[in-house]
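Reading through the structure tokens given below for one structure.
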Amino acid sequence: IGEAASAVLAAVGYTALTMDRVAEAAGVSKGTLYNYFEDKDALVLEVIDQAFTVLAGKIDETCTDSSPASWRLRQLARLVVTGVEELRALGQALCTGPMPPRLSAGLRERQMRMRERFVLLFRQAEAAGELRPGGHTPHELGRLLVLMVDGIINERILHAADCPDVERDVALLDECIQRLWFQEAP
């Protein structure tokens, strides 16, 4: 069902996605879909979660690595940007029209989980004396980093033709993180 939903979403976009279309593509009845998913938004959130399963594992590994927090933050930002880049078609399919509140809330929840990972790593960096002095809290820095990452992702999804190679964006982000917030390059 997930693969069929993903294929239909990529083909027609979120707005035109229907449970009927997914059921037909999956070769199941519409009733069967509703046994697993409350509605279209629940189905799409599952598609998103399935698409990001591999990336989520890499993120978990990075967060628990024994390397300095500065390296882990930069690596985490890199993983998110390049991981989403690999799934750009999914992002574009979600941007085909207005997003309903439930789906928007689900995506926001996932974004907040990423922010908390950044905040945790900034706290670890602060405790290790890696951060530049400046009075910004780990929460403020985590929020700003999420905004930076989201900005790169949104531009790459919505205006891909105007963007440099993803590695150029990642290198710039990496340099910004290191120069703005950390004492010295690792």
Side-chain angles (χ1 to χ4, degrees), residues 1-64 75-120 142-143 145-170 172-173:
I1 293 174
E3 288 178 18
S6 184
V8 173
L9 182 61
V12 303
Y14 175 79
T15 305
L17 179 88
T18 64
M19 295 297 259
D20 286 323
R21 284 183 166 168
V22 173
E24 183 180 330
V28 299
S29 72
K30 189 165 130 178
T32 299
L33 282 183
Y34 282 108
N35 285 333
Y36 295 99
F37 304 101
E38 180 182 341
D39 57 19
K40 174 171 115 169
D41 293 347
L43 175 63
V44 170
L45 287 170
E46 179 62 25
V47 167
I48 292 167
D49 287 344
Q50 283 180 7
F52 283 93
T53 298
V54 171
L55 178 60
K58 290 177 183 177
I59 288 170
D60 289 343
E61 286 176 25
T62 299
C63 287
T64 58
Q75 185 65 17
L76 187 56
R78 168 182 286 281
L79 284 169
V80 172
V81 171
T82 58
V84 172
E85 177 71 12
E86 291 171 9
L87 300 167
R88 185 187 315 159
L90 176 59
Q92 290 170 330
L94 292 171
C95 296
T96 58
M99 193 171 295
R102 181 162 175 234
L103 184 57
S104 181
L107 292 172
R108 177 69 174 162
E109 175 188 322
R110 286 149 180 82
Q111 179 190 49
M112 295 306 292
R113 284 193 303 235
M114 182 55 58
R115 180 191 294 184
E116 287 308 311
R117 289 172 186 252
F118 287 148
V119 169
L120 175 65
R143 179 179 175 274
L145 183 53
V146 164
L147 291 172
M148 292 169 70
V149 168
D150 280 353
I152 292 169
I153 289 168
N154 287 337
E155 183 174 17
R156 297 192 72 77
I157 288 172
L158 298 173
H159 309 289
D162 299 332
C163 294
D165 180 72
V166 69
E167 287 302 319
R168 179 69 185 129
D169 275 346
V170 168
L172 181 60
L173 179 62

Evaluate the side-chain proximity of [Y] to [X]: yes if any heavy-atom separation is below 4.5 Å, no if none is.
X: R110; Y: L45; value: yes
X: I1; Y: F37; value: yes
X: R102; Y: K40; value: no
X: D60; Y: R117; value: yes
X: R115; Y: L145; value: no
X: I59; Y: M114; value: yes

Is S6 reaching over with its side chain to a backbone N or O of G2, donor-acceptor style, under 3.5 angstrom?
no
Main chain of V84, side chain of R88: is a donor-acceptor contact present, judged purely on distance under 3.5 Å?
no
Which heavy atom in [X] sits nearest to a heavy atom in [Y], and how many Å separate them?
X: A51; Y: L90; value: CB-CD2, 3.8 Å
X: A42; Y: D39; value: N-OD1, 2.9 Å
X: F118; Y: A77; value: CE2-N, 4.2 Å

Run the salt bridge (charged side-chain N to carboxylate O under 4.0 Å, His left out) test against D169 and tell me which residues pass, sequence neighbours left out.
R156
Out of V47, L17, V44, T15, which one pairs with L94 under the side-chain contact (heavy atoms from CB on, under 4.5 Å) rule?
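So, applying the side-chain contact (heavy atoms from CB on, under 4.5 Å) to L94 and each of V47, L17, V44, T15, only V44 qualifies.
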Counterpart residues, side-chain contact (heavy atoms from CB on, under 4.5 Å), relative to D20 (two or more places apart)
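By the side-chain contact (heavy atoms from CB on, under 4.5 Å) rule, D20 matches T18, K30.
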Ionic contact status for R143 with E116, cut-off 4.0 Å:
no
